[in-house]
Amino acid sequence: MPKHACRATLALPTKGRGGYSGAMRVARTIGELTRARAALVSGGRPLALVPTMGALHAGHLSLIAAAKRRDAAVAASIFVNPLQFGPAEDFARYPRDEAADLAALREAGCELAWLPSGSTMYPPAAASVIEVAGPALLWEGTARPGHFRGVATVVAKLFGQIRPQLACFGEKDWQQLQVVRRMVHDLYLGIEIVAVPTVRAADGLALSSRNQALAPADRALAPRLYTALAALAASLADGQPAAERTEAAAAALAEAGFRPDYVALVDAETLEPLPAARPPARLIAAAWLGQVRLIDNVAVC
Ligand code: PAF
């Protein structure tokens, strides 16, 4: 094998799901990625990207399963993206467990794990970012200034590196999903964005890598965010004015011990506030429990 041929690690063979019986390649440099990608697409299957920040859970694995149902070769990225964290946010504390993540990806039938370094993603001379307005302006965009610039920029870079035909995103981050859709549309990227339903714990809490930082009492309280949203969504389906009822839901969450940032009825695509429910509508919420900020959303109508 020539010296440069492939430092990309060939991990243990997968179990042949979806007609694939090879090994998962692990790439850490652009050179390794180029070679691993070429091997993957040589079979003629579409290439799917599952972008992640690691600390993988069943929600991430459902994204991989969605890609495999489309008979795609699956590449997953793991990169804790500093650009989407504010200065006072939890970048340093964000959970990281590379060995467990690689084992989980392998077990799920992922064929390429892309683990770029910070300097690969943001070399010193880099001078370009992606700024999305529209669906990025309110809610998370207001609460976390610069967050969606960071998300859109890293996702655009990952798209350029992996060049997938499709990419899977969880509905848990509803606003992020709409921001990515908007970017792909506006920039004619030609990538199909597959939305995958939120995976919940048995008690209704949306799975999130940050849940592991919840104190036990907060973990017990956390599912109330979802039950409040589900009850509110059912009540708003009558199409009557929403404001009083969303405010009452936020007040009830505060009474229960949350520190709500917002509970809002919005247009599901533009994220603009709606005075009353009409399709396509979405109820979105963000609330703190201790040091953990939870977000969740449900369909209305
Ligand atoms: O949803 C996430 O985990 C991240 O925002 C993403 C899409 C991987 C970009 O860093």
Side-chain angles (χ1 to χ4, degrees), residues 27 33 48-64 66-67 74-86 89-98 100-102 104-105 108 110 112-118 120-122 126 129-132 135-136 139-141 143-162 164 166-184 187 189 191-200 206-213 271 284 286 292-297:
L33 177 66
L49 171 64
V50 174
T52 83
M53 297 205 300
L56 301 182
H57 51 66
H60 296 109
L61 303 183
S62 76
L63 304 179
I64 293 175
V74 185
S77 59
I78 299 178
F79 179 66
V80 185
N81 174 32
L83 204 62
Q84 68 187 74
F85 290 78
E89 293 185 9
D90 57 350
F91 174 69
R93 281 180 286 122
Y94 197 84
R96 291 161 169 87
D97 189 342
E98 184 184 300
D101 287 345
L102 289 177
L105 290 178
C110 175
L112 166 59
W114 169 223
L115 279 65
S117 66
T120 295
M121 297 308 281
Y122 299 110
V129 292
I130 303 284
E131 197 76 60
V132 182
W139 320 118
E140 294 306 288
R144 305 181 66 188
H147 172 66
F148 286 125
R149 180 190 309 121
V151 170
T153 300
V154 82
V155 169
K157 285 175 184 253
L158 292 168
F159 284 172
Q161 292 162 344
I162 304 273
L166 56 139
C168 300
F169 288 81
E171 291 186 348
K172 153 87 170 35
D173 294 297
W174 184 265
Q175 189 173 5
Q176 168 174 283
L177 174 63
Q178 305 316 316
V179 170
V180 170
R181 280 193 193 288
R182 187 74 251 164
M183 174 181 78
V184 167
L187 302 182
L189 296 182
I191 296 168
E192 182 192 354
I193 302 301
V194 179
V196 181
T198 302
V199 177
R200 298 183 181 279
L207 296 193
S208 162
S209 306
R210 290 186 167 99
N211 290 352
Q212 52 186 276
L271 275 292
I284 59 171
V292 180
R293 190 163 178 278
L294 302 174
I295 59 171
D296 206 344
N297 68 88

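Starting from 1, each residue takes its place in the sequence as its number. Counting convention: from 1, in listed order, for ligands and their atoms alike.
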Task: Closest contact, heavy atoms only, Q175 versus L271 - done: CG-CG, 3.8 Å
TODO: Indicate the atoms forming the closest heavy-atom contact of A126 with K157, along with that distance.
DONE: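 Distance-wise, the nearest heavy atoms are CB-NZ, 4.3 Å.
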- [ ] Verify, without hydrogens or angle tests, whether D173 (side chain) and Q176 (backbone) share a donor-acceptor contact under 3.5 angstrom.
- [x]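 Pair absent, no side-chain N/O of D173 close to backbone of Q176.
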Open item on the list: With a 3.5 Å distance limit and no angle check, can you tell me whether R149 reaches the backbone of V129 through a side-chain donor-acceptor pair?
Closed with: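 No.
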Give every pair formed by an N or O atom of ligand 1 and a protein N or O atom closer than 3.5 Å, one pair per line with both atom names and the distance to 0.1 Å, or write none.
residue	atom	partner	partner atom	Å
ligand 1	1 (O)	Q176	NE2	2.9
ligand 1	5 (O)	Q84	NE2	3.0
ligand 1	5 (O)	Q176	OE1	2.7
ligand 1	10 (O)	Q84	OE1	2.6

TODO: With sequence neighbours excluded, tell me which residues meet salt bridge (Lys or Arg N to Asp or Glu O under 4.0 Å) with R293.
DONE: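 Here the qualifying residues are E140, D261.
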- [ ] Quick one: sort the Y122 and F79 rings into parallel, tilted or perpendicular, breaks at 30° and 60°.
- [x]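 The rings of Y122 and F79 sit tilted, inter-plane angle from 30° to 60°.
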